[in-house]
There are 2 protein chains.
Amino acid sequence: MAYHHGDLRRALLQGALELLGEGGPSALTLRGAARRAGVSPAAPYRHFTDKRELLAAVAEEGFLALDRHAEEEIERAGADPVQRFRCHGLAYVRFAIDHPAHYRVMFGPEIPDKRLYAALDAASRAAYDRLRDSLRACQQAGVIPEGDIEIRAVRAWALVHGLASLFIDGQLAGTGASEREEFLKMVDTIFSASS
Amino acid sequence: MAYHHGDLRRALLQGALELLGEGGPSALTLRGAARRAGVSPAAPYRHFTDKRELLAAVAEEGFLALDRHAEEEIERAGADPVQRFRCHGLAYVRFAIDHPAHYRVMFGPEIPDKRLYAALDAASRAAYDRLRDSLRACQQAGVIPEGDIEIRAVRAWALVHGLASLFIDGQLAGTGASEREEFLKMVDTIFSASS
DNA sequence: ACCTGAACACCGTTCAAGT
DNA sequence: ACCTGAACACCGTTCAAGT
């Protein structure tokens with residue numbers, strides 16, 4: 001067991017991510033993660049003060065992955081700031097619908113006050129900052145009207161987050177966007193038109 | 001005990017709503033609701049097949065309350081369709097931030113497939129349909145461009161849902177909209193500009 | 001310093017039994 | 001027809017004890 005060398009924390013996080021992927025948020029238990037790591041139910045408490053701290057680590061990992069995905073997609077989009085912003089929005093939504101359980105933990109109520117977890121807060125902010133930067137690039141290129149960048153960034157974030165959430169929660173049945181591909185086409189239409 | 005007369009279902013729903021209001025989603029337990037109603041832990045199973053069915057009833061109640069609130073607010077707004085639509089959006093967000101726990105159950109992952117619960121599905125659809133009708137009234141008055149009403153309605157819904165969710169989850173700290181009143185002002189600005 | 005074993009107070013759910 | 005009592009397999013969490 002390599003866990004006696006100090007990487008039990010990593011093993012628990014890994015196990016938690018596996019449980020989440022296999023059975024959704026309700027399958028993500030502290031005891032289950034301990035089982036996966038081959039330790040007793042009490043062992044995690046040497047590395048996390050409680051379950052919320054494990055969830056915060058899982059959420060942090062999610063924001064890092066989301067940000068990495070967004071970065072890759074906007075690089076692939078080329079140099080045009082409008083195209084980059086458009087792909088950024090699509091990348092955000094695609095990440096959410098491809099990892100619905102992880103996305104839910106990132107925004108869910110199980111972590112009540114996210115400002116208490118500095119690393120999570122930083123990761124979350126970095127993802128938002130990148131979206132705002134994509135928008136600012138459009139503004140500096142003169143292709144969208146001037147105005148408060150913060151308000152425009154919040155609108156863009158709310159839009160992609162709202163679209164992704166409604167789709168994940170199955171609320172879009174009957175709107176002509178209940179299937180993945182139709183939905184992404186609708187996201188493209190809506191997001192591109194609202195910069 | 002009047003519960004022997006057939007209203008235990010109502011009493012359990014009432015107890016569930018109280019628990020939700022007092023301690024959030026994690027406090028909403030089947031056993032807790034049974035305790036509030038003065039019955040044994042097994043009694044609820046005569047009225048709900050499992051916990052999810054109780055949650056679906058709670059969520060249904062939430063959509064009905066949301067729709068009632070929206071109806072009242074747009075009536076108070078007068079006859080101008082633009083004003084009515086604006087107040088509709090604000091009413092939606094205000095309901096969410098005033099009843100965050102209830103709002104979370106309405107959209108949360110504890111109810112996996114909402115189409116399985118007909119009454120919940122109908123209540124949810126009614127709330128959406130009213131928002132779409134508010135938007136259609138603007139279109140018929142000629143104050144917003146023509147075009148696919150469904151797409152515009154989904155955009156409006158995603159926007160208010162996204163804004164409300166981000167606020168409830170505490171994700172808007174640092175954007176100048178972390179307090180209730182600043183936030184609602186921002187919602188007004190964003191929503192009015194994106195019909 | 002890090003982990004185990006055993007315990008506590010909770011869950012959701014089932015099922016025989018009572019009225 | 002509706003509810004109880006007791007049980008089962010789970011949780012999160014604590015704490016003395018082991019190495």
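Throughout, a chain's letter reflects where its sequence line sits, starting with A, and its residues are numbered from 1. Because only heavy atoms are used, hydrogens play no part in the values below, and waters and symmetry mates are left out as well, while side chains stay in.
Of the residues in residues 19-30 of chain B, none has a non-hydrogen atom less than 4.0 angstrom from any atom of DNA chain D.
The distance from atom NZ of Lys51(A) to atom P of dC11(D) is 9 Å, rounded to the nearest whole Å. Taking atom CG of Asp50(A) as the reference point, atom P of dC15(D) lies 14 Å away to the nearest angstrom. A straight line from NE2 of His47(B) to P of dA1(D) spans 13 Å, rounded to a whole angstrom. Leu8(A) has its CG atom 17 Å from the P atom of dA1(C), to the nearest Å. Distance CZ (Phe48(A)) to P (dC2(C)): 14 Å, rounded to an integer number of Å. The CZ-P distance, from Arg9(B) to dA1(D), rounds to 19 Å in whole Å. One atom, CG of Asp7(A), and another, P of dC3(C), lie 9 Å apart when rounded to the nearest Å. Straight-line distance from the CZ atom of Arg46(A) to the C1' atom of dG5(C): 14 Å, rounded to whole Å.
Between His69(A) and Phe95(A), the ring planes are tilted. Angles from 30° to 60° get that label.
By the side-chain hydrogen bond (donor to acceptor under 3.5 Å, both in side chains) test, Glu61(B) pairs with no residue at all, sequence neighbours left out. In terms of the side chain to side chain contact (heavy atoms under 4.5 Å, CB included) criterion, residue partners of Glu18(B) (sequence neighbours excluded) are, by chain and number, Gln14(B), Glu22(B), Arg36(B). Listed by chain and number, the residues in a side chain to side chain contact (heavy atoms under 4.5 Å, CB included) with Arg76(A) are Glu73(A) (sequence neighbours excluded).
Of the two residues near DNA chain D, Tyr45(A) and Ala42(B), the one whose nearest nucleotide lies more 5' is Ala42(B). Where Ala43(A) and Pro41(B) meet DNA chain C, the nucleotide closest to each residue was compared, and Ala43(A) sits on the side nearer the 5' end.
Arg31(B) contributes a side-chain N or O that forms a donor-acceptor pair with the base of dT13(C) under 3.5 Å.
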Dot-bracket encoding of pairs in DNA chain D, which uses [ ] for pseudoknotted crossings and | for another strand, Watson-Crick or G-U under 3.5 angstrom | ||.|||||...|||||.||

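Both Leu159(B) and Tyr128(B) are members of a single hydrophobic cluster when ILVMFWY side chains are connected at heavy-atom separations under 4.5 Å. Val160(B) and Ile144(B) end up in the same hydrophobic cluster when Ile, Leu, Val, Met, Phe, Trp and Tyr side chains are linked at under 4.5 Å. Side-chain heavy atoms closer than 4.5 Å link hydrophobic residues (I, L, V, M, F, W, Y) into clusters, and following such links, possibly through other members, connects Leu184(A) to Leu166(A).
Residue-level contact check: Arg52(A) touches neither bases nor backbone, having no heavy atom under 4.0 Å from any strand.
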All N/O donor-acceptor pairs, side-chain side in residues 84-93 of chain A, below 3.5 Å, sequence neighbours left out:
from     : atom 1 : to        : atom 2 : distance (Å)
Arg84(A) : NH1    : Ile74(A)  : O      : 3.3
Arg84(A) : NH1    : Gly78(A)  : O      : 2.9
Arg84(A) : NH2    : Glu75(A)  : OE2    : 3.2
Arg86(A) : NE     : Asp188(A) : OD1    : 2.7
Arg86(A) : NE     : Asp188(A) : OD2    : 3.3
Arg86(A) : NH1    : Gln83(A)  : OE1    : 3.0
Arg86(A) : NH2    : Asp188(A) : OD2    : 2.7
His88(A) : ND1    : Ser134(A) : OG     : 2.8
Tyr92(A) : OH     : Tyr103(A) : OH     : 3.1
Tyr92(A) : OH     : Trp157(A) : NE1    : 3.1

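Counted within 6.0 Å of CZ on Arg115(B), heavy atoms from surrounding residues, nucleotides or ligands total 12 or fewer; the atom is thus considered open.
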